Number of protein chains: 2
Amino acid sequence: MSANSRLTIAAHALAWIGLYQRQGHEVATSEQIATSANTNPVVIRRLLGELRRAGLVESRRGVGAGWSLARELESITLLDVYEAVEPGPLFAMHRTTPDQGCVVGRGIQPTMQGIYEGIEETLRHELARVTLENVLRDVLAAPR
Amino acid sequence: MSANSRLTIAAHALAWIGLYQRQGHEVATSEQIATSANTNPVVIRRLLGELRRAGLVESRRGVGAGWSLARELESITLLDVYEAVEPGPLFAMHRTTPDQGCVVGRGIQPTMQGIYEGIEETLRHELARVTLENVLRDVLAAPR
DNA sequence: CGCAGTCGTAACAGTGAATGTTGCAACAGC
DNA sequence: GCTGTTGCAACATTCACTGTTACGACTGCG
């Protein structure tokens, strides 16, 4: 399928902010996070903007501006992040409506929709089991 | 995320061939399936070609040519179809390597990789629970 | 008050995958 | 040979994500 890396980058940013704050800093800038993630600051600002709308982070403007966590890492799960940055469903239906004069064409969409909903529910459950605290701890446990 | 419809179309095609064969026909043409799915026959041939490589269907050429199931619908699961038509992983890593001089940049990829692998394993398990026979039965159970 | 640093956001180019389309060679039964 | 269908290459189209530039908005500080 080759999906997008939005969830990965968002988790990276949150872990980075969390660690930075534990080192005594108040706010992190999109510039710093972009350097760590090796991407453009605007990409980070866009992603963090979505996380802010979801109530996961806060931003401050003006001099000494930047980003800070709105909730503890322990209370943020990958599901929170996933829902904040991934809008659509995992699997898509036909791009055009199937032939409604055909039995299969008529019934296939409700059928697949039902199956997909169940699968996405399972996916959400799995994502909810991992907190950003888990992620950061695992990151810091890496060799060296 | 807005994924692709390959799995949906592939399931549609298999269900269509299965039903058609139960109605007494030997083979189904990509033209017929494309009409039901409201798409181009070449799109169907490409998808069915991947399913053939996975051993799920067979094709016959020449006059009276077309496609037939290589296995019973009962023995084909959505996981078989998924693996045949979806190449890549569900979630992607960073497009460019994160800053290896940063603790988070160094540890984030192995961490996320591990999490994603567990989730994909769960996804596979869910897909394996649904057979194409289940799909066809549900399609035919639709009202009208 | 003006300066400086950072966010907020629009606008646009670049990239890549899936999809749609056309065309034609290969094949096989009649 | 004729016909119908697959197999496959080549290309256009679409669409989302990513990357980049630009600039206004905001705010603390001197």
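Lettering follows sequence order; numbering is per chain, from 1. Hydrogens, waters and symmetry mates are skipped; everything else that's a heavy atom, side chains included, is used. These numbers were taken from a predicted model, which means no experiment stands behind them.
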**Request:** For B/G66, report the nucleic acid contact type (base, sugar-phosphate, nothing); a contact means any heavy atom under 4.0 Å.
**Result:** sugar-phosphate
Round to a whole Å and report the spacing from [atom1] of [X] to [atom2] of [N].
X     : N      : atom1 : atom2 : value
A/E50 : C/dG8  : CD    : C1'   : 13 Å
B/H94 : D/dC17 : NE2   : P     : 17 Å
A/I33 : C/dC7  : CD1   : C1'   : 12 Å
A/Q32 : C/dT6  : CD    : P     : 8 Å
A/R95 : D/dA16 : CZ    : P     : 9 Å
A/L48 : C/dT6  : CG    : C1'   : 13 Å
B/F91 : D/dC17 : CZ    : P     : 13 Å
A/N4  : C/dA17 : CG    : P     : 13 Å

**Message:** I'd like to compare against my own output: the B/S/- annotation of nucleotides 21-30 of chain C with a strict under-4.0 Å heavy-atom distance to protein.
**Reply:** BB---BBBB-
**salt bridge (charged side-chain N to carboxylate O under 4.0 Å, His left out) partners of A/R6, counting only residues at least two apart** = A/E50
**Complete:** Residues at least two apart in sequence or cross-chain that pass salt bridge (charged side-chain N to carboxylate O under 4.0 Å, His left out) with B/R22, listed by chain then number, are B/E74, B/E133
**Request:** Please test A/T8 against B/Y116 for side chain to side chain donor-acceptor pair (under 3.5 Å), starting from the C-alpha separation and ending with a verdict.
**Result:** CA-CA 10 Å; A/T8 303; B/Y116 291 159; 2.9 Å; yes
**Inter- and intrachain pairs under salt bridge (Lys or Arg N to Asp or Glu O under 4.0 Å), touching residues 93-105 of chain A, at least two apart** = none
**Complete:** Of all heavy-atom pairs linking B/L78 and A/I115, the shortest is CD1-CG2, 3.8 Å
**Request:** Ignoring hydrogens and angles, tell me if any N or O in the side chain of B/T111 forms a donor-acceptor pair with the backbone of B/G107 under 3.5 Å.
**Result:** yes
**Prompt:** Is the backbone N or O of B/T77 less than 3.5 Å from a side-chain atom of B/D80, with the two atoms forming a donor-acceptor pair by type?
**Reply:** yes
**Message:** At less than 4.0 Å, is any side-chain N or O atom of A/S5 found next to OP1 or OP2 of D/dT18? Yes or no.
**Reply:** yes
**Prompt:** For B/T96 and B/S30, take the nucleotide of DNA chain D holding the closest heavy atom to each; which residue's nucleotide lies nearer the 5' end?
**Reply:** B/S30
**Request:** Would you sort out whether B/H12 and B/S36 count as a side chain to side chain donor-acceptor pair (under 3.5 Å), showing the intermediate values?
**Result:** CA-CA 9 Å; B/H12 185 149; B/S36 172; 2.8 Å; yes
**Request:** Quick one: which residue pairs count as a ring pair (Phe, Tyr, Trp, His ring centres under 6.0 Å) with a foot in residues 22-77 of chain B, not counting sequence neighbours?
**Result:** B/Y20-B/H25
**Asked** Is there a residue in residues 15-27 of chain B whose heavy atoms reach under 4.0 Å of DNA chain C, and which residues are they?
**Response** none
